[in-house]
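Contents: one structure, followed by commentary.
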Amino acid sequence: MALPGFRDFYPDDCAFRNAIFSKWREVAHRYGFVEYDGPPLEPLDLFTKKSGQEIVTQLYNFKDKGDREVALRPEMTPTLARLVTARHKDFKKPLKWFSIPQVFRYERQQKGRLREHYQFNCDIIGEAGLEADIELIALVIDTLRAFGLTEKDFVVRLSDRQFWTDFMNAKSIPEDQRYAFIQAIDKSEREPREKTAEKLGPLAAEVFAILDDASTGKSERLDTVETGLRHRGLQDYVKRDYTVVRGLAYYTGVVFEVFDRSGEFRAIAGGGRYDNLLKNLGDVDLPALGFGMGDVVLGEILKKNNSLKNLKKNNGIYVVIADENHRPKAMGLVQQLRDTFGLPVDYPLVPMKVGRQFQAAEDQGRKVAVIVDAETGKGQVVSVKNLASREQTIWSIEDLMKSEVLK
RNA sequence: GCGGCCGUAGCUCAAUGGUAGAGCUCCAGUUUGUGGUACUGGCUGUUGCGGGUUCGAGUCCCGUCGGUCGCCCCA
């Protein structure tokens, strides 16, 4: 039994996970992003430096045999920051980097939240202009579209962290009250309105007006982002919503969260601009932005929508050994097929009834069966059966190797 | 860390406090050279674990571990 919050991946699960990974990679590559990776285990202070000591309660951390305080990474951004600050002069800006790390957190698990998951991380570093924000948001949208999801399935809720900073400046909210103010906005959706109003005090009416009707809030940044997305035909995937504030730790500009329209699941993805983080962490002043998308919530949604079906598509070859006397010849053929086609080629490891062999071929999702029998023993002849159409034809091995019937 | 619900075969579940069962899966056969059906047979259990009540506990009580949903938290 796996530890609480950790998953086993049986072959079907692994196929499902890998299908998600390959879509992620495909879309990231389509956007010109390149893949990087880092260690799953990091010095503890890499994370406390960014998030403070409180984060330790949510980490898998321990002392290693060299007496170092270490932790399993809860997120990729600190590692990315380390990589980038260490060698930023080696790379032309902007960097468009992605990664699919397994990340960990020590928390009680619940729906859509385990103690580990794989998180697709895409970041753009070294570009302060809003074109980068638009590109990144377009990437989030296209990633989900690649799984067959549409504007009917999900929405990107767009907000602007700077908008609220400006608001608090205009209202002269003291520094020590700003955290509570942002928290109140963050929780306003999950709390009774009276409770939020109590927290906001005299500003309640004005804030509610903005939360209820996003057009009340003015943000040139969001105007530009929305226009940019409209140019790409993606305007139906986004909605301005100032309730999104994203934990507020280090975001500085445009932020966003992606939700499914049914409201049944947790956030699918989230991200935004964090222009000061690299400077604070690594003493390299580069603007940056990024998002993360986990495989758990996405997987739940794809399963509900029945996406990613047909993972066992018909391909490959099953060599049926109809006459055990010719097993040696069959083994030669198996080897030759593997060399020639690079497709899955399987066969019975031990003598098996012919009917069972066809069943095995079927269960494995093979496209064709190549039948080795007494005729094969006499000459270089095999029968080839298409498992779907059940048509069977006779081939010389020489012709078979040049043909397309097995592909 | 807190609370609700739930732990019985590999899976899904049944069994009034009275001898632990079914379906599916798996394996084999019906069928000694042709696959999704059908039929037949077979394997699998310290009823999560530990205490307690009782003549007797899968069933009731307590604890514990795990699952699940929510709260807290959300990098």
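Convention: sequence-line order gives letters A, B, ...; per-chain numbering from 1.
Taking the centre and axis of the six-membered ring of A:Tyr60, the NZ or CZ atom of A:Arg115 falls outside the cone set by 45° and 6.0 Å. Relative to the ring axis of A:Phe104, A:Arg73 does not place its NZ or CZ within 45° and under 6.0 Å from the centre. Geometric assessment of A:Lys303 against the ring of A:Phe16 yields a positive cation-pi assignment under the 6.0 Å and 45° thresholds.
Among the atoms of the strands shown, only primed sugar atoms or phosphate atoms (P, OP1, OP2) are found under 4.0 Å from some heavy atom of A:Pro4. The residue A:Gln58 sits close only to the backbone: its heavy atoms come under 4.0 Å of sugar-phosphate atoms, none of a base. A:Ala360 comes within contact range of no nucleotide atom at all, as no heavy-atom separation falls under 4.0 Å. The residue A:Gly112 sits apart from the nucleic acid: no heavy atom pair falls under 4.0 Å. At the heavy-atom level, A:Ile371 lies under 4.0 Å from base atoms of the strands shown. Across all strands shown, A:Arg190 has heavy atoms under 4.0 Å from base atoms, whether or not it also approaches the sugar-phosphate. If you check every strand for non-hydrogen atoms under 4.0 Å, A:Lys385 touches a base.
Partner assigned to B:rA57 is none, using Watson-Crick or G-U wobble distances below 3.5 angstrom. As the counterpart of B:rA9, no nucleotide is assigned, since no Watson-Crick or G-U wobble pattern has both distances under 3.5 Å. Pair assignment for B:rG70 gives B:rC2, based on Watson-Crick or G-U wobble hydrogen-bonding distances that are each under 3.5 Å. Pairing for B:rU31 is absent, judged as Watson-Crick or G-U wobble with the two contacts each under 3.5 Å. Pairing for B:rG45 is absent, judged as Watson-Crick or G-U wobble with the two contacts each under 3.5 Å.
Out of B:rC71, B:rA75, B:rC74, the shortest distance to the side chain of A:Tyr250 is found at B:rA75. When each of B:rC73, B:rC74, B:rG33 is scored by its nearest atom to the side-chain atoms of A:Tyr179, the top-ranked nucleotide is B:rC74. The side chain of A:Arg108 approaches B:rG3 more closely than any other nucleotide in the set B:rG3, B:rC74, B:rG33. The side chain of A:His117 sits closest to B:rA75 out of B:rG70, B:rG36, B:rA75. Closest to the A:Gln110 side chain, of the nucleotides B:rC71, B:rG33, B:rA75, is B:rC71. Considering only the side chain of A:Ala374, B:rG33 comes nearest among B:rG70, B:rG36, B:rG33.
Here A:Gln109 does not reach the OP1 or OP2 of B:rC69: none of its side-chain N or O atoms lies under 4.0 Å away. Regarding contacts with the backbone of B:rC73, a side-chain N or O of A:Lys187 is found under 4.0 angstrom from either OP1 or OP2. Look at A:Lys353 and you won't find any side-chain N or O under 4.0 angstrom from OP1 or OP2 of B:rU34.
In this structure, A:Tyr347 places its OH atom 21 Å from P of B:rG33, rounding to the nearest Å. Summarising the geometry, the separation between NZ on A:Lys111 and P on B:rC6 is reported as 20 Å, rounded to the nearest angstrom. Put simply, CG on A:Asp373 is 11 Å from P on B:rG33, counting in whole angstrom units. A:Asn386 places its CG atom 14 Å from the C1' atom of B:rU34, with the value rounded to the nearest Å. The CD atom of A:Gln357 sits 16 Å away from the C1' atom of B:rA28 (whole-angstrom rounding). Atom pair A:Leu59:CG and B:rC74:C1' shows a separation of 12 Å (rounding to whole Å applied). Between the CD atom of A:Glu107 and the P atom of B:rC2 there is a distance of 16 Å, given to the nearest Å. Atom OH of A:Tyr318 and atom C1' of B:rU34 are 13 Å apart (whole Å).
No hydrogens or angles were tested; on distance alone, nothing pairs the side chain of A:Arg356 with the base of B:rG33 as donor and acceptor under 3.5 Å. Within 3.5 Å, a donor on the side chain of A:Arg113 pairs with an acceptor on the base of B:rC73, or the reverse. For A:Gln392 against B:rU34, a side-chain N or O and a base N or O form a donor-acceptor pair under 3.5 Å.
Contacts between residues 272-289 of chain A and RNA chain B, counted as heavy-atom distances below 4.0 Å, involve no residue at all.
Nucleotides B:rU12 and B:rG67 have their P atoms positioned 15 Å apart, rounded to a whole Å. Taking atom C1' on both nucleotides, B:rG45 is separated from B:rC39 by 28 Å, rounded to a whole Å.
For A:Phe163 and A:Tyr242, the ring centers sit closer than 6.0 Å to each other.
Counted by atom type alone, A:Arg157 and A:Thr243 present one or more donor-acceptor pairs between their side chains at under 3.5 Å.
Taking 4.0 Å as the cut-off between side-chain N and carboxylate O, A:Asp295 and A:Arg17 do not count as a salt-bridged pair. A salt bridge is defined here as a Lys NZ or Arg NE, NH1 or NH2 lying under 4.0 Å from an Asp or Glu carboxylate O, and A:Glu300 with A:Arg266 fails to meet this definition. A salt bridge is absent between A:Glu257 and A:Lys239: the closest approach of a Lys/Arg side-chain nitrogen to an acidic carboxylate oxygen does not fall below 4.0 angstrom.
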Trace of the side chain to side chain donor-acceptor pair (under 3.5 Å) decision for A:Asp160 with A:Gln162: CA-CA 5 Å; A:Asp160 182 1; A:Gln162 186 64 40; over 6 Å; no
Derivation of the side chain to side chain donor-acceptor pair (under 3.5 Å) call for A:Trp97 and A:Ser99: CA-CA 7 Å; A:Trp97 285 14; A:Ser99 190; over 6 Å; no
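Where A:Phe47 and A:Arg390 meet RNA chain B, the nucleotide closest to each residue was compared, and A:Arg390 sits on the side nearer the 5' end.
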